[in-house]
Student: 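Quick one: the structure is below, questions incoming.
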Amino acid sequence: MSLDTHITGLQRDAMPSSPPLLQTIRQHPVLGLLGLIFAVQLIRSVLRRLEIRRFKRAHGCKEPPAFPQREYIFGYDAWKRLSAERAARRILPAAMQRSQTLGRTNSIVFMGQKYIVTSDEDNIRAAYSVQSADYGIDCRLSYMKPLLGEGIFTLEGPKWQHSRAMIRPAFTRAQLSELSAIETHVQHLINCIPDGSTVDMLPLLFNMALDNGTEFLLGTSVGVQNSPRDSEAWRFSDAWDYAGEAMQRQSELGMWGSLMWDPKYNASIKVVHRFIDSLVADTLRHGPKPGRYNLLGELVRDLQDPLRLRGELLCVLLAARDTTSSFLATTFYYLARHPQVWQKLQAEVDALEGQIPDYEILKSMKYMKAVLNESLRLVPPVPRNIRVARHDATLPRGGGPDRKSPVFVPKGTTVVFPICATHREPTIWGSDSEEFRPERWLDEKFRPIWAFIPFGGGHRICVGQQNAMTVATYALTRLLQTFGRIEAKDSMPWEENLSAVQTNMHGCKIAMWRK
Ligand code: HEM
């Protein structure tokens, strides 16, 4: 053996052989790669756990009660239970019951995602207002965008601010006091109500709100109240209804929503878009229509992008139309079942001696306001709202055995606010919280601000709140000036019908007698 060979042999012996792990990776690269990924994930998960532990300790967070489930990965039991509740049309009553039995703030795993559900007014205030920087609306973008596109409801940050700045002036007092358009649509409604025989007010109110809403938005009413069933106006109305209902179905599938296959939904979206696009194109070509104020006319002064214009209009239409009609239908539902409230309201309206009310008169009607508030409390048209944590965040209350500690909300977690439960919470509203009793609002000192939020709150509070109250007060006053008696014509209990808003699935069947 030469000296060279001997030295090389010694060097090889002296060289440390590669560790078994590296040898395995060399021999089985795929297995090795998987192992590496696993190891990285494990380390990340450990670091994340440590980060969460530190965060929870720093903020004094404790766990809220959890919905009892056999497994917490997919949440099969929750899925089964919620499906049964949906089939029985009891999603909202069940949410209210859970708030009272499980805890006003609780957690649930549903279709592989963890949700925090809270009806606690302190938590609502935090997410909507004082900690609003921690919570966004990404959770609604995926299911709202196909129909609505980009508009005030689906935007965040500077684009949303711009949107809000453009839309808000539409609701100035001067615009709100322009009541002559509402009068036209209310008179069409009155003409559709037979004297003393059964009528379902719900579709009539939807039509009135669509006519009034489109006039306010586009300067031209679709005129569905006066159009034959096979008209363009009805095609738009039907497509709008179907799209709203399908959008709601999609929202309930959570992160799986994009897998929903519904060709009728896509066709309805096309009908809606075509209708709005032609009006937008017309306004962009010829400028705003002269005469009565309308939102499209105002928006084109600032915005020339037809898609954005369509998005803004559809967002406001969604916000305005179904909410206002659901609100009025609920009010009629209760009035028909509470003759003494109807009488008191009649007395307030009779004091006007048949005069057509102006904005100042509408504002001064105290009992009317109490009735409308009570209707919004018991059946808020938007019964739930959601926010998603932009980063690790907290809610101030609901954790620990006494439910008083802050709750940890991991980044990306959806927080659901069952407003309907907050509005009926006995500890706030008293033991008669389930009853329709407008008198509770006559006590000026009783103002449960964050426990009464039919119009949301904080920086995204409804811009159309005054408009909704004005339209509802005006329509109700004119109807009470026309009809002296009301009766319920349906013995069925209230059953929920959830689309973009909640309504009674049995409609609102009543009879009214002319004075
Ligand atoms: C009873 C009737 C109404 C109810 C219950 C209602 C309810 C709400 C609620 C709860 C929100 C907040 C959503 C959130 O926090 O994300 C909202 C936002 C909004 N509402 Fe209303 N609304 C009503 C009528 C109207 C009307 C008549 C209009 C317009 C004519 C309107 C326009 C809007 C707009 C544009 C927003 C979005 C505000 C933003 O994101 O900055 N709403 N509404």
Side-chain angles (χ1 to χ4, degrees), residues 124-125 127-129 132 135-141 144 148 150-172 175-176 178 181-182 205-206 208-210 212-218 251 293-296 298-299 311-331 369 372-388 414-420 422-423 450 452-476 500-503:
I124 295 171
R125 176 168 170 264
Y128 281 23
S129 175
S132 63
Y135 294 94
I137 53 151
D138 314 27
C139 40
R140 68 185 184 210
L141 303 188
M144 282 192 159
L148 303 181
E150 282 200 345
I152 187 166
F153 253 151
T154 55
L155 291 171
E156 290 199 278
K159 269 187 155 181
W160 165 76
Q161 277 165 0
H162 176 226
S163 205
R164 200 154 161 116
M166 279 189 305
I167 288 172
R168 262 174 79 101
F171 299 95
T172 58
Q175 313 303 344
L176 288 172
E178 166 77 81
I182 309 178
L205 289 165
F206 269 126
M208 185 203 71
L210 185 63
N212 186 52
T214 46
E215 173 141 18
F216 170 71
L217 290 182
L218 310 165
S251 80
Y293 175 90
N294 69 80
L295 185 64
L296 175 57
E298 288 306 299
L299 290 180
E312 295 295 0
L313 293 170
L314 288 179
C315 283
V316 182
L317 185 60
L318 179 85
R321 187 264 188 149
D322 295 11
T323 48
T324 309
S325 34
S326 143
F327 175 28
L328 274 166
T330 301
T331 310
K369 180 142 194 234
L372 293 175
N373 275 352
E374 189 66 345
S375 162
L376 286 170
R377 180 183 76 80
L378 281 172
V379 184
V382 184
R384 296 174 295 188
N385 205 348
I386 45 177
R387 291 285 189 269
V388 68
T414 301
V415 184
V416 181
F417 306 97
I419 304 304
C420 49
T422 315
H423 282 191
W450 284 98
F452 180 63
I453 39 159
F455 295 102
H459 67 306
R460 287 199 94 113
I461 194 169
C462 174
V463 286
Q465 175 170 354
Q466 281 312 319
N467 177 287
M469 292 306 273
T470 304
V471 171
T473 311
Y474 188 90
L476 213 51
V501 298
Q502 68 161 327
T503 51

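Counting convention: from 1, in listed order, for ligands and their atoms alike. These values consider heavy atoms only, across backbone and side chains, with no hydrogens, waters or symmetry-generated copies.
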Student: Closest heavy-atom contact between Asn385 and Ile419?
Tutor: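 Closest approach of Asn385 to Ile419: N-CG1, 4.4 Å.
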
Student: Does ligand 1 have any atom sitting under 4.0 Å from a heavy atom of Met469?
Tutor: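 Not so, Met469 does not reach ligand 1.
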
Student: Out of Phe153, Trp160, Phe171, Phe327, who is nearest to atom 30 (C) of ligand 1 when you count heavy atoms only?
Tutor: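 The option holding the nearest heavy atom is Phe171.
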
Student: Please state whether His459 comes within less than 4.0 angstrom of ligand 1, counting heavy atoms only.
Tutor: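 Contact check His459 vs ligand 1: negative.
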
Student: Taking all atoms of both residues into account, what is the closest heavy-atom pair of Met469 and Asn373, and its distance?
Tutor: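 Looking at all heavy atoms of both residues, the shortest contact is CE-OD1, 4.0 Å.
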
Student: For the pair Phe216 and Phe171, name the ring-plane relationship: parallel under 30°, tilted 30 to 60°, perpendicular over 60°.
Tutor: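 Ring orientation, 0 to 90° scale: tilted.
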
Student: Looking at every non-hydrogen atom in both residues, tell me the closest pair between Leu217 and Asn294 and how far apart they are.
Tutor: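 Looks like O-OD1, 3.7 Å.
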
Student: Would you name the heavy atoms of Phe327 and Pro381 that are closest together and state the gap between them?
Tutor: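 That closest heavy-atom pairing would be CB-CG, 4.0 Å.
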
Student: Considering only protein heavy atoms, which is closest to atom 41 (O) of ligand 1, and at what distance to one decimal place?
Tutor: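 Result: Arg164 NH1, 2.7 Å.
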
Student: With a cut-off of 2.8 Å, how many protein N, O or S atoms neighbour atom 21 (Fe) of ligand 1?
Tutor: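 There are 1 of them.
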
Student: List the atom of Gly457, the atom of Tyr128, and the distance in Å for their closest heavy-atom pair.
Tutor: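 Distance-wise, the nearest heavy atoms are N-CD2, 3.3 Å.
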
Student: Tell me whether Ile167 reaches ligand 1 (any heavy atom closer than 4.0 angstrom to a ligand atom).
Tutor: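 Contact absent.
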
Student: Pick, from Arg140, Arg460, Gln466, the option with the minimum heavy-atom distance to atom 12 (C) of ligand 1.
Tutor: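 Selected option, by shortest heavy-atom distance: Arg460.
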
Student: Quick one: look up the protein heavy atom nearest atom 27 (C) of ligand 1 and list residue, atom name and how far away it is.
Tutor: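 Ranking protein heavy atoms by distance from atom 27 (C) of ligand 1, first comes Asn467 OD1, 3.5 Å.
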
Student: So which heavy atom in the protein is nearest atom 5 (C) of ligand 1, and how far is it from that ligand atom?
Tutor: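 Nearest neighbour among protein heavy atoms for atom 5 (C) of ligand 1, to 0.1 Å: Pro454 O, 3.4 Å.
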
Student: To the nearest 0.5 Å, how far apart are CD in Gln502 and CG in Asp322?
Tutor: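 Here the interatomic distance stands at 12.5 Å.
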
Student: Judged by non-hydrogen atoms, does Tyr128 sit under 4.0 Å from ligand 1?
Tutor: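 No heavy atom of Tyr128 comes that close to ligand 1.
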
